[in-house]
2 protein chains.
Amino acid sequence: MMAEVEIKTASEQTRARLLDAAREVFSQHSFQGATVREICRLAEANVAAVNYHFGSKEGLLAEALNFSQLTALQKANVTADACPKIRLRLFLRDFMLMLLDEKHASSQCRIMARELADPTPALDQIVSEAIAPLHEFLGKLLREIVGNKVGEAELRRCVYSIFGQCQFYRHSHPVLQRLHPKLRYDHKEIDAIAEHITDFSLAGIKQLAKKSG
Amino acid sequence: MMAEVEIKTASEQTRARLLDAAREVFSQHSFQGATVREICRLAEANVAAVNYHFGSKEGLLAEALNFSQLTALQKANVTADACPKIRLRLFLRDFMLMLLDEKHASSQCRIMARELADPTPALDQIVSEAIAPLHEFLGKLLREIVGNKVGEAELRRCVYSIFGQCQFYRHSHPVLQRLHPKLRYDHKEIDAIAEHITDFSLAGIKQLAKKSG
DNA sequence: TTTACTTTCAAACAAGTGTTTGATACAGTT
DNA sequence: AACTGTATCAAACACTTGTTTGAAAGTAAA
């Protein structure tokens, strides 16, 4: 890396402000619900800035996507010196923190969650760059735990079972808030959730290995 | 019920056509994405008909919601003469059929799924009339399986784990289609999914009972 | 048929959308 | 200082949105 990364022209600064604002707004509203004007207001830029710098609202969304946090998490886990079961536990804790922590929850994850319900052209990018590698990562990790006797389709369903549990807490947050108004996603609660998902899933996986083995 | 339910005035017929069209359109687009004009086109009614009969677009959505299928499913399960574990298996199969079957998949479920990602005032109604009873139902069923030694919070997380797995296949359908283009939710596939979720979850629950007991 | 009421309809309305425009201000180079 | 390409801006554009309007058509009782 060069030292010059810190020096930005005025143009680059507005670009960066727009991207930050876009991530914020797109994570709170659906793509349709988010307005260019609100993004520009938040970025303190002119309405025309989006089209000037990114061509269109869609182009802005495409550039606002950034999965570095997610890939870093996987890389760290792969190189960790621990047995597969513990690595699953570590991964789920980190993943749920990224998904739920109100402090530094990844706006990327929120945007991804929205794309599922109401896909835009950006979903193709999200799937190929983020979700596909993520599923492959967890699939390999589970394979280490479960051995070679379990079929590919059944293993995949275990991956789905785990991500399904994880995503539930993000997707259904509006519902859970109404069911249990006291619920807060603080660090302690997130840890407890991750622990539950890990224990629950490890049992489910073992049962599968036993049945097939 | 009177026999007259079959005889409908012209006004009642347009009302019914609008409700049908609304369920269709709201299940395919988000509330914001769905347009009154498209609904009216599908219902072969004038644009003003929505506001005349239902007051507003929101009013139409509120009246279009109908959870009878969901409550019937629960009632049938409660009165079934079978042990809790088998009733869980039966419930999950029926529930997944309702959720996924492309033939007669409940548009209601699709609408509910959309509401999670982008809540409208209708979500309050959905939560209190459909989701809360559903969670309570599954909670009681799990309690029968797990006994009284497991805490309330942990049991609730099991409910979440199960619904999380179920909803995953509906929520992430756009993603799964891209990951595995061959995937089709036919009757056989849905049965296999329901079986997997049941086995996976029963193992998770048992592990919890063992730990706490 | 006349009367009173309900329902439909084309048209318009006000507000909001993403995008474009042409002028203006600003940089860096010669 | 003059020139040049870049970036910003207020304003307008073309279009869609949910909703309203006032007249026309339909319906049913008197």
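Just so it is clear, the structure is predicted and the values come from calculations on it, not from any experiment. Below, read A as the first sequence line, B as the second, and so on, with proteins coming before strands; counting in each chain starts at 1.
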Counting distance only, does the side-chain N/O of [X] pair as donor-acceptor with the main-chain N or O of [Y] below 3.5 Å?
X	Y	value
B:Gln108	B:Asn66	yes
B:Gln167	B:Gly164	no
B:Glu129	B:Ile126	no

Exercise for the section: Report yes if a side-chain nitrogen or oxygen of A:Ser11 is closer than 4.0 Å to either non-bridging phosphate oxygen (OP1 or OP2) of D:dA7; otherwise report no. Expected result: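 Yes, such a contact exists.
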Exercise for the section: Output yes when at least one side-chain N/O atom of A:His53 is less than 4.0 Å from OP1 or OP2 of D:dT6, else no. Expected result: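 No, A:His53 has no side-chain N/O under 4.0 Å of OP1/OP2 on D:dT6.
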Pairs: protein N or O with nucleotides 26-30 of chain D N or O, under 3.5 Å:
none

Practice task
Output all residues satisfying side-chain hydrogen bond (donor to acceptor under 3.5 Å, both in side chains) with A:Thr79, sequence neighbours left out; order by chain, then residue number.
Solution key: none
Problem - B:Glu115-B:Thr120 side chain donor-acceptor pair, cut-off 3.5 Å - result: yes
Practice task
Check DNA chain D against residues 17-28 of chain A and give the residues with a non-hydrogen atom under 4.0 Å, in numerical order.
Solution key: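 Heavy-atom cutoff 4.0 Å gives no residues at all.
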Practice task
Fit a plane to each ring of B:Phe163 and B:Phe95, take the angle between them on a 0 to 90° scale, and name the class: parallel (under 30°), tilted (30 to 60°) or perpendicular (over 60°).
Solution key: perpendicular
Length of the [atom1]-[atom2] vector between [X] and [N], whole Å:
X	N	atom1	atom2	result
B:Glu44	C:dC9	CD	P	10 Å
B:Glu12	C:dT7	CD	C1'	13 Å
A:Arg15	D:dA7	CZ	C1'	13 Å

At a cut-off of 3.5 Å, list every protein nitrogen or oxygen paired with a nitrogen or oxygen from nucleotides 12-22 of chain D, distance to 0.1 Å.
residue : atom : partner : partner atom : Å
D:dG18  : OP1  : B:Ala34 : O            : 3.2
D:dG18  : OP1  : B:Val36 : N            : 3.3
D:dG18  : OP1  : B:Lys57 : NZ           : 2.8
D:dG18  : OP2  : B:Val36 : N            : 3.1
D:dG18  : N7   : B:Arg37 : NH1          : 2.8
D:dG18  : O6   : B:Arg37 : NH2          : 3.1
D:dT19  : OP2  : B:Asn51 : OD1          : 3.3
D:dT19  : OP2  : B:Lys57 : N            : 2.9
D:dT19  : O5'  : B:Asn51 : OD1          : 3.3

Exercise for the section: List the atom of A:Leu142, the atom of A:Leu155, and the distance in Å for their closest heavy-atom pair. Expected result: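 Distance-wise, the nearest heavy atoms are CB-CD1, 3.9 Å.
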Exercise for the section: Taking the six-membered ring for Trp and the single ring otherwise, decide whether the centroids of B:Phe168 and A:Phe168 are under 6.0 Å apart. Expected result: no
Exercise for the section: State yes or no: are the ring centers of B:Tyr160 and A:His196 separated by less than 6.0 Å? Expected result: no
Handout entry: A:Arg178: partners by salt bridge (Lys or Arg N to Asp or Glu O under 4.0 Å), with sequence neighbours left out
Key =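 Expected list: B:Asp124.
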Handout entry: Sequence-distant partners of A:Phe31, ring-ring contact (aromatic ring centres under 6.0 Å, His included), two or more places apart
Key =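 A:Phe31: ring-ring contact (aromatic ring centres under 6.0 Å, His included) contacts with A:Phe26.
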